[in-house]
J.: 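Sharing a structure with you now.
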Amino acid sequence: MPHTADLFGEAEAPGTGPSSAPMPTHAAAADTPAARAASLRAQIAAHDHAYYVLDAPTVPDAEYDRLFRDLQALEAAHPALATTDSPTRRVAGRPLEGFAPVAHRVAMLSIRTETDTTAEGARAFDARVRRELKRPESDPPVVYAAELKFDGLAINLRYEDGVLVQAATRGDGETGEDVTQNVRTIRAIPLRLATDAPPPVLEVRGEVYLRRDDFEALNEAARARGDKTFVNPRNAAAGSIRQLDPAIAAQRPLSFFAYGLGETQGWATPATHSGVLDALRALGLPVCHERALGTVDDLIGFHADIAARRDSLPFDIDGVVYKVDSLAVQAQLGFVTREPRWAVAHKYPPQEMLTTVEAIEVQVGRTGKLTPVARLAPVFVGGVTVTNATLHNASEIERKDVRVGDTVIVRRAGDVIPEVVGVLADRRPPGAMPFAMPHACPVCGSLAVREEGEVDNRCSGGLICAAQRKQALLHFAQRRAMDIDGLGDKIVEQLVDGGIVRTLPDLYRLGLLKLAELERMAEKSAANLLQSIDASRRTTLPRFLFGLGIRHVGEATAKDLARHFGSLDALMNASVEDLLAVEQVGPVVAESVHTFFAQPQQREVVEQLRACGVEWPEGEGAAAAAGTAPLAGKTFVLTGALPTLSRDQAQALIEARGGKVAGSVSKKTHWVVVGSDAGSKLDKARELGIATLDEAELLALMHGKAATSESPQFPPD
DNA sequence: GCACCTCGAGTTCC
DNA sequence: CTCGAGGTGC
């Protein structure tokens, strides 16, 4: 095993200098303390640059820390060496009394936010610019730069003779706050510009932000300590910068992107905005890679591209910014009041919005679980209007301390389910009471108890409870169970509330007359519903078992039970020991099944369903074919949409040949069947090196041919 | 006893 | 889709 230093030291190309880790032999070259300090600083700066600007860490964290501690020790021994631009200054300093005001020499203006963020909006911006420049359509197109609008905190960094001397917030644009001590702790921000000939004055503007993963880690640590968590990366970043104690700010993993200039003196400013960003990057400042340069069509392309990838970026953004690239043309365009004419922001629909909690209601699920749900004042977030958000359970409400009347932050990213991320404590109306889970079921009034060691409260009413009856009916009717088309929640609601249906067998005693009483139930749809109820009588044992809604018995377990026992009677009369003999059935499931069939009213339901004509083929017949099945013992996972087969059809085909379809990819998966728009399962398959098939290859495989490649001769089936 | 693999259950909006 | 928990294999 080579010494680790070799791995990092020798792997570097010669000449990269400080990015190579020091080897013991190198230390001998630095014979004076001053030279050693300079060497350590150069190495640390190079690692910071590689990590934050190039996005490519050159050494492990432990090695970085060692360099850092060496420098600290050296400076402690020789105080004269502790210069203001030393990386060790990042964590030093006393808590501030407050923040001193800083007058911006060049105002920090905001960019006009366009309401029309479509392609036409971008073209309108281009048309405005041309009109202002008196440039007709026939002239060459205006060149624009597009970049991201980061969701963080705008900061002005002032470098004098290449050294960071001051950092200030935007404030009102004219005057901000001096946050130099805290900004010094941000490793992404160089304390000294990477140039031998620094300009006398260079002010760099950009955004301090938190990466999503750093934000999660920060909150995770806060939770572990029992501290308050931040609601989003932006608040965490802003809160960290406004920390009075720089030692605390230093604990926060803040990042930075440069996007513009303030005052400059004696700097050879490039002619274009894109040139400025490249130059800043060359000076060692982090500049975001997500940029575009071109005509208005390129802006539109950039907008669409980023919109599609927004959720997978490592940090939050709230839109994109379009700027005229030429600084000369920018100067020509000038400002309207306080907004530049040469730039616009196109924001995406916000993923977080404020709204108020109008009520907290409690829903009852099929298993009796009580779920608190926040009824919200309607709010448009993430592209849809949200009115409900689940609060999951009592401990979740307690943790977030959500109360009726509270102003809350609601988040909905991409197609993710909306959630209440946090409460604005200072906007709580006086007298708002903490929410308490009811001790009685809100639907049937039965006792609602919280079982030992569980987080959920459950209604004990069973089928007495109308809510549980409704859910039981919907479960029974769902596609994967009895597949009764047309029996949705609206109909079930009326059937149960009207006392027309109480139990599962009642469904099979429905007639046209009864259905006609219901609202929104014309003759045609009533007939259709009766037709599908009738069709559902012919079913299979696994579907029937799943439909009964026995706790812990889902689709997969229902199949296992059906295969093992072969008939319903055998299963109903099985002891706990018999049940434990079934593959994938342990004590909890065995107990649940046994208890279910021990109840006389459940046996009665089963008997009545049979009497109503519900039937399925029984016997060993189904199991007998297993030995010869071509796919016996093979596990498949389906992902994405297949060209001709539906998911259910593909599953049925695989199972008919003895194969098994699982929900997630693991080492035990034999094949992953990939369709279009495949999701994370395909990534997982690649990671684990699992073979993949497309639909044609799957069909070929099932017809007994080797799945080497697409075999064109397979029969169409 | 622990780690990993599965399955069950719950959830929102169009 | 994700979380939590049951089941199994090491």
Side-chain angles (χ1 to χ4, degrees), chain A residues 216 311-312 349 351 355 361-376 378-393 395-396 410-420 451-459 467-468 470-472 474-475 478 480-481 488-490 542 545-561 564 576 579-593 596 635-640 647 651 660-670 677-685 687-688 690:
Chain A
E216 294 300 336
D311 292 328
S312 54
Q351 292 177 317
T355 187
E361 289 174 10
V362 176
Q363 287 178 354
V364 183
R366 173 169 67 88
T367 61
K369 183 192 160 181
L370 303 191
T371 307
V373 178
R375 302 281 172 222
L376 306 166
V379 61
F380 193 73
V381 49
V384 299
T385 303
V386 170
T387 53
N388 299 324
T390 178
L391 296 169
H392 301 292
N393 54 51
S395 55
E396 180 84 358
V410 175
R411 161 181 276 267
R412 181 182 183 279
D415 42 12
V416 174
I417 291 166
E419 61 165 342
V420 171
E451 280 165 46
E452 190 81 25
E454 293 219 8
V455 284
D456 298 329
N457 294 49
R458 288 205 137 75
C459 162
Q468 291 188 55
K470 286 173 193 168
Q471 294 300 318
L474 285 170
H475 176 79
Q478 72 162 280
R480 316 182 86 90
D489 53 0
K490 291 286 181 294
L545 277 178
F546 174 55
L548 288 177
I550 305 164
R551 260 248 261 180
H552 299 123
V553 177
E555 244 186 321
T557 310
K559 278 177 192 159
D560 289 341
L561 291 171
H564 187 269
V576 173
L579 287 160
L580 282 170
V582 182
E583 247 186 293
Q584 314 295 318
V585 172
V588 175
V589 176
E591 191 62 43
S592 173
V593 173
F596 184 89
T635 303
F636 292 74
V637 172
L638 307 174
T639 180
R647 238 184 151 73
Q651 177 164 355
K660 196 167 141 51
V661 175
S664 56
V665 180
S666 73
K667 282 184 288 190
K668 293 182 183 168
T669 308
H670 294 97
D677 292 322
S680 57
K681 291 177 198 169
L682 177 55
D683 302 337
K684 182 89 179 175
E687 190 184 313
L688 296 174
I690 310 280

J.: Roughly how far, to the nearest 0.5 Å, is the CD atom of Glu361(A) from the CG atom of Leu370(A)?
T.: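 If I round to the nearest 0.5 Å, the distance is 13.5 Å.
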J.: Only one of Arg458(A), His552(A), Arg551(A) forms a side-chain hydrogen bond (donor to acceptor under 3.5 Å, both in side chains) with Thr367(A), so which one is it?
T.: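 Going through the options one by one, the only one that passes is Arg458(A).
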J.: In whole Å, what is the span from the CG atom of Leu548(A) to the C1' atom of dA9(B)?
T.: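 Between C1' of dA9(B) and CG of Leu548(A): 17 Å.
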J.: Could you check how far NE2 of His392(A) sits from C1' of dA9(B), rounded to whole Å?
T.: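 In whole Å, dA9(B) C1' lies 13 Å from His392(A) NE2.
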J.: With respect to Val582(A), which candidate in Val589(A), Asp560(A), Val593(A) satisfies the side chain to side chain contact (heavy atoms under 4.5 Å, CB included) definition?
T.: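 So, applying the side chain to side chain contact (heavy atoms under 4.5 Å, CB included) to Val582(A) and each of Val589(A), Asp560(A), Val593(A), only Asp560(A) qualifies.
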J.: If I compare all heavy atoms of Leu580(A) with all of Pro587(A), which pair ends up nearest, and what's the gap?
T.: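 Reported closest heavy-atom pair: CD2-N, 3.5 Å.
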J.: Taking the minimum atom-to-atom distance to the side chain of Thr371(A), which one of dG7(C), dG6(C), dT11(B) wins?
T.: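 That would be dT11(B).
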J.: Which of these nucleotides, dG10(B), dT12(B), dG6(C), is closest to any side-chain atom of Arg366(A)?
T.: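 Shortest atom-to-atom distance from the side chain points to dG10(B).
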J.: Whole-Å distance between dG8(B) C1' and Arg458(A) CZ?
T.: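 Rounding to the nearest Å, CZ of Arg458(A) and C1' of dG8(B) are 11 Å apart.
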J.: Just N and O in the side chain of Thr367(A): are any of them under 4.0 Å from OP1 or OP2 of dG10(B)?
T.: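 It does, given that an N or O in the side chain of Thr367(A) lies less than 4.0 Å from OP1 or OP2 of dG10(B).
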J.: Tell me whether Arg480(A) is salt-bridged to Glu555(A), with the criterion being a basic N under 4.0 Å from an acidic carboxylate O.
T.: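 Result for this pair is yes, salt bridge flagged.
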J.: Between Leu474(A) (CG) and dT11(B) (C1'), how many Å, whole number?
T.: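 In whole Å, dT11(B) C1' lies 14 Å from Leu474(A) CG.
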J.: Give the rounded distance in Å between these two atoms: CD of Glu419(A) and C1' of dC13(B).
T.: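 It works out to 16 Å between those atoms.
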J.: Closest to the Lys369(A) side chain: dG10(B), dG6(C), dC7(B)?
T.: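 Output: dG10(B).
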J.: If only side-chain N and O atoms of Asn388(A) are considered, is one of them under 4.0 Å from the OP1 or OP2 phosphate oxygen of dT11(B)?
T.: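 No.
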J.: Quickly work out the Gln584(A) CD to dA5(C) P distance and round it to whole Å.
T.: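 Value for this atom pair: 19 Å.
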J.: Expressed in angstrom and rounded to an integer, what is the separation of His552(A) atom NE2 from dG4(C) atom P?
T.: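 In whole Å, dG4(C) P and His552(A) NE2 are 15 Å from each other.
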J.: Name the closest nucleotide to the Val588(A) side chain, picking from dG8(B), dT11(B), dG6(C).
T.: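 The nucleotide sitting nearest to the side chain is dG6(C).
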J.: When you measure from the side-chain N and O atoms of Arg551(A) to the phosphate of dG8(B), is any distance below 4.0 Å, counting only OP1 and OP2?
T.: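 Answer no for this pair, as no side-chain N or O of Arg551(A) is under 4.0 Å from OP1 or OP2.
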J.: Once you round it to whole Å, what is the distance between C1' of dG8(B) and CG of Leu545(A)?
T.: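 Those two atoms, CG and C1', are 15 Å apart.
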J.: Of all the nucleotides listed (dC7(B), dG6(C), dT12(B)), which has the minimum atom distance to the side chain of Pro418(A)?
T.: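 Taking heavy atoms from C-beta onward, the closest nucleotide is dT12(B).
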J.: Side chain of Thr387(A), heavy atoms from C-beta onward: which of dG7(C), dC13(B), dG8(B) has the nearest atom to it?
T.: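 For the Thr387(A) side chain, the nearest candidate turns out to be dC13(B).
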